[in-house]
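These figures come from a predicted structure and were not determined experimentally.
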Amino acid sequence: MSDKIRISLKDFLLEKGYTKIKLKLTKTNHFEIKSTINGVKGLFILDTGASSSCVGFEAIETFKLKVKDSEIKAAGAGAIDMVTQLSKKNSVKIGKWKHDKVPLILFNLTHVNTALVSHNAKPVDGIIGADILRKGKGVIDYEKKYLYLKL
């Protein structure tokens with residue numbers, strides 16, 4: 001018999017000052033996450049492969065974004081050289097975690113939402129990417145479907 005104390009990932013991270021956010025696995029095998037941008041709730045895909053968090057052009061008014069043109073060309077999900085805009089200094093809240101001054105890339109999300117809808121998944125307002133995961137020291141529990149962010 002070992003005298004080692006076993007502690008769950010959840011208990012360990014909560015003890016270290018993280019907050020727990022439930023993830024929902026979609027029919028397209030993506031994790032959906034609810035997030036609030038500038039006080040407005042939205043539905044997002046959690047994408048560790050996306051370098052920047054993004055929203056669709058149609059979300060400018062919804063999320064009260066101040067936007068300017070960007071030299072950045074977006075690529076991903078089968079599309080390249082997409083025109084983008086940039087919105088700086090946004091307040092992002094995921095669960096109890098909150099960060100101000102988050103830049104968001106705006107681009108045409110139509111191809112993303114068309115793919116989701118064709119697989120009977122809900123369309124999303126955007127993508128939570130690696131930039132926010134880095135800021136929040138994110139840990140994903142794939143088995144239990146939780147995201148942990150450091151408060």
Side-chain angles (χ1 to χ4, degrees), residues 1-60 62-65 72 74-80 82 84 86-151:
M1 286 291 253
S2 171
D3 288 341
K4 289 183 183 176
I5 297 171
R6 296 183 77 90
I7 184 168
S8 69
L9 178 64
K10 177 189 85 160
D11 290 342
F12 175 78
L13 290 171
L14 293 178
E15 193 176 283
K16 296 285 181 192
Y18 281 74
T19 185
K20 180 172 91 163
I21 301 109
K22 185 69 178 154
L23 299 171
K24 180 184 175 201
L25 193 62
T26 68
K27 292 178 179 166
T28 57
N29 226 16
H30 292 95
F31 279 131
E32 260 178 16
I33 187 166
K34 291 177 181 164
S35 179
T36 302
I37 297 176
N38 301 327
V40 180
K41 291 179 183 172
L43 187 63
F44 295 82
I45 286 176
L46 183 65
D47 186 349
T48 60
S51 55
S52 301
S53 294
C54 315
V55 293
F57 287 126
E58 61 282 353
I60 293 172
T62 308
F63 294 115
K64 307 171 201 154
L65 304 175
I72 299 166
I80 56 168
M82 295 182 290
T84 66
L86 177 64
S87 176
K88 295 181 179 180
K89 299 181 183 172
N90 296 286
S91 170
V92 175
K93 188 171 185 283
I94 303 172
K96 293 177 185 167
W97 182 86
K98 187 175 184 212
H99 204 284
D100 294 321
K101 299 182 185 169
V102 176
L104 296 169
I105 304 291
L106 285 90
F107 75 111
N108 186 337
L109 264 181
T110 305
H111 65 287
V112 173
N113 280 325
T114 300
L116 289 170
V117 170
S118 74
H119 289 89
N120 298 317
K122 291 182 203 163
V124 294
D125 297 300
I127 296 165
I128 299 296
D131 55 341
I132 287 178
L133 293 173
R134 275 193 310 274
K135 278 183 177 100
K137 298 180 177 153
V139 175
I140 301 169
D141 182 338
Y142 285 89
E143 185 185 354
K144 298 220 173 19
K145 300 181 187 79
Y146 281 105
L147 168 66
Y148 293 87
L149 295 172
K150 181 107 165 93
L151 292 172

Within 45 degrees of the axis of the six-membered ring of Tyr148 and under 6.0 Å from its centre: does Lys20 put its NZ or CZ there? no

Kindly indicate whether the side chain of Ile127, heavy atoms from C-beta on, has any atom under 4.5 Å from the side chain of Phe107. yes

Partner set under side-chain hydrogen bond (donor to acceptor under 3.5 Å, both in side chains) for Ser87, not counting sequence neighbours: Asn90

Residue pair Gly42 / Phe63: nearest heavy atoms and the distance that separates them: CA-CZ, 4.1 Å

Would you indicate whether the side-chain heavy atoms of Ile37 and Val40 approach each other to under 4.5 Å? no

Just so I know, are the side chains of Ile94 and Thr36 near enough to count as touching, which here means a heavy-atom distance under 4.5 Å? no

I'd like to know whether Asn113 forms a side chain to side chain contact (heavy atoms under 4.5 Å, CB included) with Val124, so could you lay out the CA-CA distance, the side-chain angles of the two residues, the decisive distance to 0.1 Å, and finally the verdict. CA-CA 7 Å; Asn113 280 325; Val124 294; 3.5 Å; yes

Does Cys54 reach the side chain of Leu104, with side-chain heavy atoms less than 4.5 Å apart? no

Contacts table for residues 131-141: side-chain donor-acceptor under 3.5 angstrom, sequence neighbours left out:
unit_1	atom_1	unit_2	atom_2	d
Asp131	OD1	Ser53	N	3.0
Asp131	OD1	Ser53	OG	2.7
Asp131	OD2	Ser53	N	3.1
Asp141	OD1	Glu143	N	3.2
Asp141	OD1	Lys144	N	3.0

For Asp125 and Leu43, indicate whether the former's side chain and the latter's backbone hold a donor-acceptor pair under 3.5 Å. yes

Take atom NZ of Lys22 as the centre, draw a 6.0 Å sphere, and report whether it contains more than 12 heavy atoms from other residues, nucleotides or ligands. yes

Is the shortest side-chain heavy-atom distance between Leu149 and Ile21 below 4.5 Å? yes

Can you list everything that forms a ring pair (Phe, Tyr, Trp, His ring centres under 6.0 Å) with His119? Sequence neighbours excluded, please. none

Residues passing the side-chain hydrogen bond (donor to acceptor under 3.5 Å, both in side chains) test with Thr48, sequence neighbours excluded, are none

Could you check Leu151 against Tyr18 for side chain to side chain contact (heavy atoms under 4.5 Å, CB included), going step by step and ending with a plain yes or no? CA-CA 6 Å; Leu151 292 172; Tyr18 281 74; over 6 Å; no

Distance-only donor-acceptor pairs under 3.5 Å for side chains of residues 23-33, two or more places apart:
unit_1	atom_1	unit_2	atom_2	d
Thr26	OG1	Thr28	N	3.2
Thr26	OG1	Thr28	OG1	2.7
Thr26	OG1	His30	N	3.2
Thr26	OG1	His30	O	3.2
Thr28	OG1	His30	ND1	2.7
His30	ND1	Thr28	O	3.4

In sequence, state the C-alpha distance, the side-chain angles, and the governing distance for Ile45 and Leu116, and then conclude on side chain to side chain contact (heavy atoms under 4.5 Å, CB included). CA-CA 10 Å; Ile45 286 176; Leu116 289 170; 3.7 Å; yes

Under the side-chain hydrogen bond (donor to acceptor under 3.5 Å, both in side chains) rule, what pairs show up with a residue in residues 6-16, not counting sequence neighbours? Ser8-Asp11

Side-chain touch Ile105/Leu86, heavy atoms, less than 4.5 angstrom: yes

Take Asn38 and Ser91, measure what side-chain hydrogen bond (donor to acceptor under 3.5 Å, both in side chains) needs, and give me the verdict at the end. CA-CA 5 Å; Asn38 301 327; Ser91 170; 5.0 Å; no

Just so I know, are the side chains of Leu65 and Val55 near enough to count as touching, which here means a heavy-atom distance under 4.5 Å? yes

Gap between atom NZ of Lys34 and atom CD1 of Ile128 - 0.5 Å precision: 14.0 Å

Donor-acceptor contact present, side-chain Trp97 to main-chain Thr19, <3.5 Å: no

